[in-house]
There are 2 protein chains.
Amino acid sequence: MNKGLTIKDIAKAAGVSETTISRYLNKKYEYMSEKTRRKIEEVVLTLDYRPSNVARSLKSQKSKLIGAVIADIGNQFASDIIKGLSDTCEALGYTLMIAISDESTENEQIQIEKFLDNQVEGLIINTTGFNQDYLTQLREGSVPVVLLDRGVPESQIDVVTNDNYGIGLKAMKYLIDSGFKSIGFFVNEVTNTVRSERLRAFKNGLAGQTEVLGDVYVVDPDNHENLIESMMSFKKLPEPRAIFSANGLTALGLLEAMKEEQLQIIEDFGLLTFDESTWARVVSPSITTIDQSSYGLGVEACRLLVHKVEGTAEKQSLSTSGSQLPSRLIIRESTSYLN
Amino acid sequence: MNKGLTIKDIAKAAGVSETTISRYLNKKYEYMSEKTRRKIEEVVLTLDYRPSNVARSLKSQKSKLIGAVIADIGNQFASDIIKGLSDTCEALGYTLMIAISDESTENEQIQIEKFLDNQVEGLIINTTGFNQDYLTQLREGSVPVVLLDRGVPESQIDVVTNDNYGIGLKAMKYLIDSGFKSIGFFVNEVTNTVRSERLRAFKNGLAGQTEVLGDVYVVDPDNHENLIESMMSFKKLPEPRAIFSANGLTALGLLEAMKEEQLQIIEDFGLLTFDESTWARVVSPSITTIDQSSYGLGVEACRLLVHKVEGTAEKQSLSTSGSQLPSRLIIRESTSYLN
DNA sequence: TTGAAAGCGTTACCAA
DNA sequence: TTGGTAACGCTTTCAA
């Protein structure tokens with residue numbers, strides 16, 4: 001078990017030089033006799049030798065390490081992303097290191113620097129959204145960076161994200177076509193591009209509508225009083241009303257608050273929320289949701305990063321690439337006030 | 001930004017030797033003039049120099065790295081654990097590396113070895129449960145190991161876990177005192193100590209009861225047919241009946257299946273489940289749950305591990321330590337069939 | 001097809 | 001109080 005064995009021990013045991021062992025470890029069999037290879041193979045296996053990645057990294061400046069900093073790990077969405085990252089790193093031969101910034105800018109920087117200290121070859125960042133300057137500067141630094149889910153406005157950093165605007169627009173159209181006369185957009189403070197894109201979809205989806213009223217309610221999903229207050233305010237708009245929730249956590253808070261206040265979904269408000277989840281299917285009435293890629297986001301981000309890490313020239317290119325994945329509207333009971 | 005600066009550059013810039021810089025970096029100010037210290041400090045700050053942890057690790061064999069392998073990240077419980085680990089590592093001056101085994105033994109081993117290759121000083125493992133031999137052998141290896149949540153039977157490895165047995169017994173007593181005449185224990189395949197402890201609580205809670213019947217249903221939470229079949233089988237036992245679910249995922253699957261089959265909580269079955277979550281409060285009727293430490297589990301595991309890493313002598317001691325955290329029964333509507 | 005030796009960026013011993 | 005230098009475990013020329 002990595003018991004202090006070094007390349008020297010293996011060389012001695014196999015009766016060859018350290019150089020040859022190194023060649024074997026790096027699969028440079030081209031100029032190695034079959035016999036030597038076999039011999040080394042046997043020794044490595046029986047002694048259960050594993051080369052030190054630390055020494056390797058130091059010498060070759062290549063660690064095969066990728067660092068990912070995740071802002072908030074407390075939802076299914078993040079978990080699936082991480083699985084995507086994990087699986088893809090594994091498949092591509094890299095080791096993934098994950099750190100949680102817990103939505104703190106300071107933490108995000110600390111974690112990034114620790115990763116850099118450990119010679120990661122690339123960085124995947126699900127940014128808190130407040131780290132614009134630091135991240136932009138980072139991009140000019142030594143290792144490739146890919147942003148995950150949340151972008152950084154006006155920066156050139158690659159970002160892999162969902163099509164929040166497009167699906168948001170589609171959801172708006174659906175609500176309007178369903179006959180809702182008021183739509184309330186419930187969102188926490190708009191601190192990142194995901195939220196701002198969703199908000200933009202709400203506003204543009206409303207633009208030009210004369211029959212439909214809309215309002216934005218900036219809420220704190222953990223603060224019930226705040227949630228209730230906003231709902232009561234929204235309740236003054238004409239019926240039928242639909243709440244458009246910018247994320248699952250807010251929807252959950254809303255549901256809890258409604259339960260307290262004896263407010264009914266459908267009767268009082270229709271509900272449509274970003275973030276698909278099991279509980280959306282289980283509650284009554286079931287909740288109409290927007291299902292976005294999460295696992296796929298992780299996969300794509302990882303692929304793109306590795307591409308940049310391994311690409312020689314284009315690594316330094318200034319063109320923003322990145323990609324947008326498609327999303328899906330899942331219609332359930334919570335928005336069917338008719339019939 | 002770590003732009004290839006080395007200790008040599010700093011030494012040159014500060015007009016002192018590399019040795020002195022190293023002393024500064026390791027806060028060995030004892031034998032250093034105030035003046036030198038200030039000078040170095042200035043240079044380090046203005047040049048934004050950060051020492052390479054890779055070189056440090058190689059030389060000193062101390063990486064300040066802790067590796068955590070998590071079996072399943074797809075639930076709030078795991079997320080909270082990770083937060084606990086993350087915060088505590090940070091506080092104690094260690095860098096946390098997380099990997100996901102996704103409930104695969106093979107993956108678990110791969111991730112552990114990768115961590116070892118990178119010189120982690122200690123390992124926190126939330127084991128898949130099938131890795132008994134490997135883990136036991138690992139314990140005899142070079143780095144300290146702490147098991148998280150799930151233990152390994154008949155091994156001496158330290159484990160930080162919840163008191164699954166005690167709280168399970170309490171839940172059983174509560175159900176029986178509430179007047180339920182049949183209790184069905186719904187659990188996925190019993191592959192780890194957490195599940196086996198919960199099962200043991202169910203069985204012992206039933207022991208000696210003459211009025212109350214019980215049965216164990218081993219189910220696959222993702223397979224609705226399977227779930228429904230088990231519920232139908234349980235439905236043959238005398239009323240009132242309570243389902244005791246061994247985890248949140250199973251409860252969610254059960255809820256979904258019940259919705260499909262038009263089965264009612266309370267009318268058809270009472271429901272009590274391990275794992276507290278927001279949706280348990282939000283659904284109607286709300287669900288009685290067992291709330292266990294998760295964040296605290298992460299904190300404790302981390303503390304214990306660091307203690308072992310830094311402890312000199314006792315590190316090799318054979319005594320199993322570890323700890324058990326208390327749990328809490330949260331009574332809600334789903335078990336109140338009376339009144 | 002193989003090996004000797006220099007060097008990656010630190011730390012730590014010994015000397016000054 | 002400070003500095004020279006060997007060494008950590010590996011990779012990579014260069015030479016054989």
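Heavy atoms only: backbone and side chains are in, while hydrogens, waters and symmetry mates are out. Per chain, numbering begins at 1; letters A, B, ... match sequence-line order.
The span of DNA chain D lying next to chain B, judged by atoms under 4.0 Å from heavy atoms, is bounded 5' to 3' by dT1(D) to dG9(D). Interface limits on DNA chain C: the 5'-most and 3'-most nucleotides within less than 4.0 Å of chain A heavy atoms are dT1(C) to dG9(C).
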Show me, pair by pair, the donor-acceptor contacts under 3.5 angstrom made by side chains of residues 72-81 of chain A, not counting sequence neighbours?
{"from": "D72(A)", "atom 1": "OD1", "to": "G74(A)", "atom 2": "N", "distance (Å)": "2.9"}
{"from": "Q76(A)", "atom 1": "NE2", "to": "D80(A)", "atom 2": "OD1", "distance (Å)": "3.1"}
{"from": "S79(A)", "atom 1": "OG", "to": "N75(A)", "atom 2": "O", "distance (Å)": "3.1"}
{"from": "S79(A)", "atom 1": "OG", "to": "I73(B)", "atom 2": "O", "distance (Å)": "3.1"}
{"from": "D80(A)", "atom 1": "OD2", "to": "S294(A)", "atom 2": "OG", "distance (Å)": "3.3"}

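Sequence neighbours left out, the pairs with a member in residues 89-101 of chain A that pass salt bridge (Lys or Arg N to Asp or Glu O under 4.0 Å) are E90(A)-K114(B). The list of salt bridge (Lys or Arg N to Asp or Glu O under 4.0 Å) pairs with a residue in residues 91-108 of chain A, not counting sequence neighbours, reads D102(A)-K83(B), E103(A)-R150(A).
Looking at residues 54-66 of chain B, you'll see L58(B), K59(B), Q61(B) sit with a heavy atom under 4.0 Å from some atom of DNA chain D. Within residues 24-32 of chain A, the residues approached by DNA chain D to less than 4.0 Å at the level of any non-hydrogen atom are N26(A), in residue-number order. Contacts of residues 34-43 of chain A with DNA chain C (heavy atom under 4.0 Å): T36(A).
Under the salt bridge (Lys or Arg N to Asp or Glu O under 4.0 Å) criterion, R195(A) pairs with no residue, sequence neighbours left out. The side-chain hydrogen bond (donor to acceptor under 3.5 Å, both in side chains) test applied to T136(B) returns no partner, not counting sequence neighbours. In terms of the salt bridge (Lys or Arg N to Asp or Glu O under 4.0 Å) criterion, residue partners of E300(B) (sequence neighbours excluded) are, by chain and number, R303(B).
Looking at heavy-atom distances under 4.0 Å, T20(A) makes contact with sugar-phosphate atoms alone, never a base.
Of the candidates I98(B), L148(B), L305(B), I66(B), L85(B) forms a side chain to side chain contact (heavy atoms under 4.5 Å, CB included) with just one, namely L148(B).
From one end of the helix from dT1(C)-dA16(D) to dA16(C)-dT1(D) to the other, with five pairs defining each end axis, the axis direction shifts by 40° (rounded to 10°).
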